[in-house]
Amino acid sequence: MVKHVIFGTAGHIDHGKSALVEALTGTHPDRLEEEKRRGITIDLGYAFLNLGDVQAGFVDVPGHEKFVRNMLAGAGGMDIVLLVVAADESIKPQTREHFEICRLLGVQRGLVVITKSDLVDADTLGLVKLELEEFVQGSFLQGAPILAVSARTGAGLDELKREMRQIALESRPRDTSQHARLPIDRAFVMQGFGTVVTGTLISGTLTSEQEVELLPAKKRSRIRGLHSGGHAVVRASAGQRTAVNLTNIEVAEVERGMVLAPVGVFRSTGRLDARVALLSSAQTLKEHSRVHFHCGAAERVAEVSLLGADHLAPGGNAFAQIRLDAPLLALPGDRFIIRQFSPVVTIGGGVVLDALAPRHKKRDAGVLEFLTTLEDGNREEILHAVVAADAYGVDMAQLVARTGWLESELRETARKLSDAKKIQLVSTQPWIAISCEAMAALRRKAEHEVNEFHSTNSLAQGIAKQELRARIAPRLRIETFRAVLDELVRHGRIVITGDTVQRAKREIPLSDQESKAQDQIAREFERAGLTAPSLNDVLGRVAVDLARARKLLQLLIREKILVKVTEEMVFHATALARLSTLLSDYKRAHGERLPIAAFKDLAGVTRKHAIPLLEYTDRTGLTRRSGDERVIL
Ligand SMILES: Nc1nc2c(ncn2[C@@H]2O[C@H](COP(=O)(O)OP(=O)(O)O)[C@@H](O)[C@H]2O)c(=O)[nH]1
Ligand SMILES: [Mg+2]
């Protein structure tokens, strides 16, 4: 198994970063005409090195202070930093700034490389080494190897390669199972092929012929070809420098900082909540400060609003909402850098906590609590908080976009939360979840509105469903609304007749004829068992008019003698109790997995009944859907 790792250079201008990359890889990373002419790195350069079981991609950054923004576009993708310091100059301003940036970006590993060792004597080299040891004290580079090399004589390069391979093998691999994200740092036209974009694939995999989307432009495309490590590949995976040949996209439509991702998974954002840390060298950050915001390969102008504080002191940190002048794609956990608006210097950075943040009211304690959970919580706590943040229920697509997690992870975590009675599924098709607190609030609100209606409309039988929904909340999802009504009916709080919702407990004495009709309805369903007859047939056969028959049916449902499984399908409670026994017997005899065909045999029903019954058992927690099968719980 070959491991893919990205090494990034960092350090002051003229300290030998580009020369080092060339000495290691044979490729001079400066590719622009101007760079060659002026002999300095202006933009990012790339190279590859095969270290046997490690494939190293290099991102060589410019050291000049004027080009730090280009440095930042490349720094986001690095796994391991090579902090390059010239033996004859030691630590200089951009040594510090680049090093701070690496710390703020959460780079976990690195090597310190003293270049130009041929220019100094052993004593000077020893001194520089001491300075560097002290410099990295207390940081992720503390205790990291400090290696002296010369790109001119080749001294120390073999040992550097050995250390690079070692540290690459020890570094945590990027996650290839997650959704793919390729922040684009370069786009160009290749004669005969069209638009090519390049970047460091920071998660997931990309495959030739795959449909992809360019964000935030939302432009769709297809991968015509992929290059990595200098040759064509069918698949590129996280941790690889990747060049992608795209169909249907003009090079002019692509900007550095855009992200290539699978279609329809992510949503770009103009407002995000984050933990922001300020460097101790920075000035106090005031409320609503304008800054330059760098995330991935993207750069924006942004306004920082502190949450729970009115200023941020040097060296401190706080929650903040960041509003961008134009959208970009970011996900929770992404690191960013902020630079002062003018003069432009790096002042801090942070971690995105909520990439799709709503506007907040000033001094909203709930927001701080929510962000603390996103920052420190485990998966279940985070998902619970995210679901609970929406009063009307969230669907799967929203959750994927907001968390960046895979649908399978979300389903699994949601199931645990639902078992723990923290959230509930209001619908499986589409998949919609709501927190139990929010559901209870909606039930209370619905009941209140029904009562209100009765007190002001004493002659009306009840309130129309659509009106009730609008009174609870115009934005209430129809699926959530249905679940609210179902629960209130089940709890015997309301009665639904056709389209009308009314308060329960208005006991209507039944006439003889009505009692008989009610018994007849109950008996017909009991006899039918799991092959429930059509509602209209049953109601049409009794000796009272249809409206009355429906009311009788509602009473039976309220008394839990009959159970409504769908809007059109009602079962006798004894039949459903028997179904529960059948399922547990089946599990004992054949195991927990239950294909639909087996369920049809078991229950003695056709597809018409099987699907609603299974959805009912899913809802009530007897079974859980797993692909085409059910798992008996
Ligand atoms: N003597 C000596 N000169 C070097 C060495 N590495 C780089 N240089 C020179 O230092 C200058 C700056 O190197 P460059 O790689 O462009 O620095 P960068 O700005 O950090 O990328 C160039 O003139 C190089 O030839 C080295 O190991 N020894
Ligand atoms: Mg350079």
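All ligand and atom numbering here is 1-based and tracks the order in the structure.
- Side chain to side chain, D185 and T198 meet the donor-acceptor criterion of an N or O pair below 3.5 Å.
- Contact annotation: T9 places no N, O or S atom under 2.8 Å from the Mg ion (ligand 2).
- Those atoms of ligand 1 with a heavy atom of L119 less than 4.0 angstrom away are 1 (N).
- Inspection of the S208 and R235 side chains reveals no N or O donor paired with an N or O acceptor under 3.5 Å.
- The protein heavy-atom contact nearest to atom 25 (O) of ligand 1 is R152 NH2, 3.4 Å.
- Under the 6.0 Å distance and 45° angle rule, R103 does not count as a cation-pi partner of F140.
- In this structure, the protein non-hydrogen atom closest to atom 11 (C) of ligand 1 is K116 NZ, 3.8 Å.
- With F341 as the aromatic partner, R290 meets the cation-pi criteria of under 6.0 angstrom to the ring centre and within 45 degrees of the ring axis.
- Under the 4.0 Å distance rule, the nearest protein heavy atom to atom 23 (O) of ligand 1 falls outside the cut-off.
- Under 4.0 Å from ligand 1, not a single heavy atom of V84 appears.
- Within a 6.0 Å sphere centred on CD of E287, heavy atoms belonging to other residues, nucleotides or ligands number more than 12.
- For atom 15 (O) of ligand 1, the nearest protein heavy atom (residue, atom name, distance) is A19 N, 2.7 Å.
- Residue S18 has at least one nitrogen or oxygen atom sitting less than 3.5 Å from a nitrogen or oxygen atom of ligand 1, judged on distance alone.
- Look at H12 and you'll find a heavy atom under 4.0 Å from some atom of ligand 1.
- Ring pair F293/F336 is tilted by interplanar angle, where 30° to 60° counts as tilted.
- The residue L20 has no part lying near ligand 1, judged by heavy-atom distances below 4.0 Å.
- A donor and an acceptor atom, one from each side chain of S171 and D79, are nowhere located under 3.5 Å apart.
- In terms of protein heavy-atom proximity, atom 1 (N) of ligand 1 is closest to D118 OD2, 2.9 Å.
- Between K17 and ligand 1, at least one pair of N/O atoms sits closer than 3.5 Å.
- Considering A151, G16, A10 only, the shortest heavy-atom separation from atom 13 (O) of ligand 1 involves G16.
- Residues E409 and R379 are paired through a salt bridge, judged by an N-O separation under 4.0 Å between the basic side chain and the carboxylate.
- Using a 4.0 Å cut-off between charged side-chain N and carboxylate O, D43 and R256 make a salt bridge.
- Looking at D14 next to ligand 1, an N or O pair under 3.5 Å apart turns up.
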